Amino acid sequence: MSNETTTDAGNDYRDTLFLPKTDFPMRGGLPKAEPKWIERWDEMRLYDRMREDAKARGAKPFILHDGPPYANGPIHLGTAMNKILKDLVVRGHQMLGYDASYIPGWDCHGLPIEWKVEEEFRAKGRGKDDVPGDEFRAACREYAAKWIEVQKQGFRRCGVEGDWDNPYLTMNFDSEAATVREFLSVAMSGRLVRGSKPIMWSPVERTALAEAEVEYHDRKVPVIWVKFPVKDVNFDLPDGMPSLDVDNDPEALRMLVDTEHVYDALMDASVLIWTTTPWTIPANQAVSFNPGITYGLYVVKDVMSEEELGFTPFAKPGDKFVIADALASNVFEAAKVSDFARLADIDPSTIASLSHPLNELSDFYKHDIPMLAGDHVTDDAGTGFVHTAPAHGEDDFLVWIANGYKASDIRDIVNQDGVYEHDELPEPLKGLDIIRTSGKKRGEQGKANPEVMRLLTEAGNLLSRGVTMIRDAHSWRSKAPVIRRATPQWFIAMDQAGSDGTAPLRDLALKALEDTAFVPPQLRNRITSMVADRPDWLISRQRNWGVPITLLVSPDGEPHTVALPADKANEVNTRILDAIAAEGVEAWFSADAATFLDGIEDPAGWEKVNDVLDVWFDSGTTHAFTLRDRGIIDEQTGQADVYLEGSDQHRGWFQSSLLENCATRGMAPYKTVVTHGFIVDADGKKMSKSLGNTVEPQQVADQFGIEILRLWTASSDFTEDLRISDDILKTNAESYRRLRNTLRYLLGALEGYSESEAVTREEMPGLEKWVLHRLAESDALVRKSYATFDYKRIMSAMLNFCGVDLSAIYFDIRKDSLYCDAPTDVRRRATRTVMSLVLERLLTWLAPIMPFTTEEAFLMSHFADRADSVHLLTFPETSASWLDAELASRWEKIFKVRRVVTGALEIERREKRIGASLEAAPEVYIEDAGLIAAFEGESAADLFITSGATLIHGTGPADAYRLEDTTGVSVVPVKASGIKCARSWKYFDPATADPAYPDITPRDAAAVKAIRSAA
RNA sequence: GGGCCGGUAGCUCAGGUGGUUAGAGCGCACGCCUGAUAAGCGUGAGGUCGAUGGUUCAACUCCAUCUCGGCCCA
């Protein structure tokens, strides 16, 4: 064919082509480049500049208040993701036009740091009691400061922008003073109560533990069945007593000798309990039952023999027990009873009292043991009765109080070391430890359990014993088991009205939650139900490293905030606050009560509280010393726009901050709560060191670059759990490549571009108008998505826009114009105008997600003279007038036809009839007049990237190419005729050529002339 | 064991007052280009929408149960 006549003179025209030219490299080299950008931003004081610029343009403030990570240990992927997400929120809002400040913070007090520091001292041979409090606290402060520095570097490496030079630290003196101030404000509101409750106590660390400080592990424990002999019953005797059910089992009745009535049998029976904590038996004060469970009186008829068992069972024929019916056979099996009979129904409320199983041992145990009704008793396991020691169990305490008994009558026989200590305890029990608190066997069972079991056996009240596994609370730090122990503690009451008549804290908090927006909305339930159900807030800790509970207790046991009249109390408070503001918390620890009372109240008999505050209280006040004290929000009525944390903080920081601000100011400290999920592996399993599926941020930074992690964060649905794996990161690296190359192509195509080249929308071809339409659509989507924290939507929109609209369609089609048209050609100028508008938007839209790459591209672009950094820009105004639905639907029609054409050409390629699409000049048959009209004014060949194209209104030959979903369109893939243009590679009729340039098309000839004459 | 939430192609995500063959990008396979080249273009194959049962003319979409997973709590 005529192809053979083509002269291959391509290189002759190469220098007349406008090929993309840019120094922006194809590959980012992120791991090396990123730290350099951070350095640059540092040097130019980018964060301060952003603040200044925002203030200068009168921007509205937008406050994301940072939830403080705990200052021990390096950052991990979860904390990195959390900070990146916050950075997306802050940068997104900054570019939306707000003054989006961000002050990072750290949580510095508390047990975990204290524990580490204790370890360090121990390593130097100094025990806990050898280190003075102030020295110890100084060491804790230093320890926290060290990790803050490490974490700060880690977060900065993630590209997180913020006021890193002025972060908030809960251990700063002004923070500590503010925390004390807030605490005293709560105390003065009358919501502070002193109580003695069984709380989780770690004998090893000699401290009370909060829920957050314990973890649950399986543990092997003894299990015992104990007899509580019936002491008295409630009914008159013996008249009116029901008879025993003799018909049921005459043989059983015969064994009861002279017993005919339930009364006699009951008085000879025992109520059976089952427990896994034998050491609590000496603290027993009641036995609980559930009125909803049916109970029976049982008699033992026969037991397994010593030969069968290898030991003598404790049960004997004739023994009588009251047990829940559902559990009787289980109990007898455990007691090695081979035969038994049920004698009667028993209503446990008719049992007036029981004897303590150690009754004979000491006068201490001669008292009556009452039967208490309680819902916590079940017949799932055990005996249907629950041994109740109100000092050592939450349920025990509650049922004790619910039945009208007094908290002050609760027997507290265990000291802070977990050792029995009480004057009236029988001698064998005194000084026994429950858990070993030192040595190699630290955390293991102490002497209490075995001795209690021995004494019970001796008393004949142990029916059976065994061993079982239970899931039980252990100290988070020492991993040792914890016990429940009644100790005096300070609480913030949830259900007590304020002294000024304001509603109880729970009501205030629930109301505040109603006024709060939640992202995702379904998570509102979570914190609401937690607040609705939570117990009073235990805020005291018997520790050293924390903000002191600055209370002085009167001789009557009342805190000064209650014991003194308000004016005097305030005077004391002022004195406390002044002291702490001047010298830090040591001012409290080193002083005595008189220091703060002298001249206001007679200090005789007053005591200073030496507990410290729960660290959750510290973090609950971060808004006070970070936002209010720095004047970022109004002291009384201000709220942060957003708190953003993981879902675990519904119990943590979201709640402590809520309760704190409700107690002091009656409202939530935030307008919106954004919750993210947790990072899991490719299979949706949580990350753990033991599973070996952890990913470290530094590792990602070194291998891929942090921007890939940011891309991953942005593209994930953070409201659920976020999956990550090497493959997932690789996928994001692919996305990055696509975005980077799009920027690169734009930069290359815009080489030498300036605004003077721009044309107006009216002058532009339809395709350019379509791109502007897409730009306007994307602008709306991007703005809305940044405002609603929906980054994954931005990512997918940008990927589609860059991959399909730009790369596959627009760039591909306009390549010819861009490379070959004369520079003055309106089409080419329109293309560059649109490309400039696209680049301007892509750079800013992507900047919050890809701060490094967009900065690099920005500084290489013709926009660089607008600002020193892309991050000093806002999203450019994008005219809604660019939206043109009619035009868009016209182009959808064109693209529909185009797909049929590319399909047809693909067949030709398969058959090796063509290679490049420019080798074709298809005939396109279109039945629908509307469809063909869509092409009016457009060059179909340009849009198809073919050398020619003929649109024909008609049906087309039967063997023409068709697509199933595009009816009425068929394509005959005619091969292009003529010669191949040496410049544009289009096939054309040589007869039309400019005689001076016979080997190129007239368009190319004109362009070459223009270029050469300009040169 | 309890509370809250979730389970759509290999991956990341769309979708719908319940109603024709469930979508996109990426990846994958195959092909093209060689003037975006460790790039670009095209075509194609991938889904019992976690499972089961129910409501309904019709369910991936509503209800129940189960299962798997996550956070919190015991």
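All values below were derived from every heavy atom in this structure, side-chain atoms included, with hydrogens, water molecules and symmetry-related copies excluded. Naming: A, B, ... by sequence-line order, numbering from 1 per chain. The model shown is predicted, which means the values in this text are computed figures rather than measured ones.
Proximity of A:R738 to the phosphate of B:G40: a side-chain N or O atom is located under 4.0 Å from OP1 or OP2. Distances shorter than 4.0 Å separate none of the side-chain N or O atoms of A:R27 from OP1 or OP2 on B:U37. Phosphate proximity of B:U12 to A:K792: absent, as no side-chain N or O sits under 4.0 Å from OP1 or OP2. One finds a side-chain N or O of A:T902 lying less than 4.0 angstrom from the OP1 or OP2 phosphate oxygen of B:U43. For the OP1/OP2 pair of B:G31 and a distance below 4.0 Å, the side-chain nitrogens and oxygens of A:R910 include no atom meeting the criterion. When the side-chain nitrogen and oxygen atoms of A:Q522 are compared with OP1 and OP2 of B:C4, none of them lie within a distance under 4.0 Å. Close to B:A36, at under 4.0 Å from its OP1 or OP2, lies no side-chain N or O of A:K21. Distances shorter than 4.0 Å separate some side-chain N or O of A:K815 from OP1 or OP2 on B:A36. OP1 and OP2 of B:A39 both lie 4.0 Å or more from every side-chain N or O belonging to A:R744. Look at A:S807 and you'll find a side-chain N or O under 4.0 angstrom from OP1 or OP2 of B:C41.
The backbone N or O of A:S688 sits less than 3.5 Å from a side-chain atom of A:N693, completing a donor-acceptor pair.
A glycosidic torsion no more than 90° from 0 defines the syn conformation; B:G47 lies beyond that range and is anti.
Residue A:D648 places its side chain closer to B:C71 than to any other of B:A14, B:G3, B:C71. Listed nucleotides B:A36, B:G70, B:U34 differ in distance to A:F811; the shortest reach to its side chain belongs to B:A36. Counting only heavy atoms from C-beta on, A:R737 has its side chain closest to B:G40 among B:C13, B:G40, B:G42. The nucleotide whose nearest atom lies closest to any side-chain atom of A:E734 is, among B:C13, B:G31, B:G27, B:G27. Closest to the side chain of A:N525, from the set B:C4, B:A36, B:C26, is B:C4. With distances taken from any side-chain atom of A:Y819 to the nucleotides B:A36, B:C71, B:C33, the minimum falls on B:A36. Counting only heavy atoms from C-beta on, A:R526 has its side chain closest to B:G3 among B:C32, B:G3, B:A39. Counting only heavy atoms from C-beta on, A:F678 has its side chain closest to B:C71 among B:G25, B:G35, B:C71. Considering only the side chain of A:R909, B:C32 comes nearest among B:A36, B:G40, B:C32. Minimum atom distance to the side chain of A:K686 is reached by B:C71, of the listed B:G35, B:C71, B:G42.
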Derivation of the side chain to side chain donor-acceptor pair (under 3.5 Å) call for A:S529 and A:N525 | CA-CA 6 Å; A:S529 69; A:N525 281 349; over 6 Å; no
Could you check A:D107 against A:S619 for side chain to side chain donor-acceptor pair (under 3.5 Å), going step by step and ending with a plain yes or no?
-> CA-CA 7 Å; A:D107 200 5; A:S619 63; 4.5 Å; no
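Taking the six-membered ring where the residue is Trp, the centroids of A:Y643 and A:W653 are separated by under 6.0 Å.
Distance check on atom C1': B:G50 versus B:C68 gives 7 Å, rounded to whole Å. Distance check on atom C1': B:G46 versus B:C11 gives 13 Å, rounded to whole Å. For the C1' atom pair drawn from B:C26 and B:U17, the interatomic distance equals 33 Å after rounding to whole Å. Comparing B:U12 with B:U43, their C1' atoms are spaced 23 Å from each other, to the whole Å. Comparing the same atom, C1', in B:C71 and in B:G47 gives a spacing of 29 Å after rounding to whole Å.
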Secondary-structure string, 5' to 3', Watson-Crick or G-U under 3.5 Å, | for another-strand partners, for RNA chain B | (((((((..((((.....[...)))).(((((.......))))).....(((((..]....)))))))))))).
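Aromatic ring orientation, A:F678 versus A:H676: tilted (interplanar angle from 30° to 60°). The aromatic rings of A:W891 and A:F895 lie tilted to each other, with the angle between the two planes from 30° to 60°.
Heavy-atom distances to RNA chain B give each of A:M530 and A:D533 a nearest nucleotide, and the one nearer the 5′ end belongs to A:D533. Where A:L722 and A:G684 meet RNA chain B, the nucleotide closest to each residue was compared, and A:L722 sits on the side nearer the 5' end.
The cationic atom of A:R740 (NZ for Lys, CZ for Arg) does not lie both less than 6.0 Å from the six-membered ring centre of A:Y745 and within 45° of the ring axis.
A 6.0 Å sphere centred on CZ of A:R793 holds no more than 12 heavy atoms belonging to other residues, nucleotides or ligands.
For B:G6, the base has no donor-acceptor partner in the side chain of A:E720 [N/O atoms by modelled type, under 3.5 angstrom]. With hydrogens and angles ignored, no donor-acceptor pair closer than 3.5 Å exists between the side chain of A:T22 and the base of B:A36.
Nucleic acid contact for A:S715: sugar-phosphate only, since backbone atoms but no base atoms lie under 4.0 Å from a heavy atom of the residue. Backbone-only contact: A:N800 has heavy atoms under 4.0 Å from sugar-phosphate atoms and none from a base.
When rounded to the nearest whole Å, the span between NE2 of A:H650 and C1' of B:C73 equals 14 Å.
Put simply, CG on A:L30 and OG1 on A:T853 are 5.0 Å apart, with the number rounded to the nearest 0.5 Å.
Each of A:T946, A:D1004, A:D816 was checked for a side-chain hydrogen bond (donor to acceptor under 3.5 Å, both in side chains) with A:K986, and the lone residue meeting it is A:D816.
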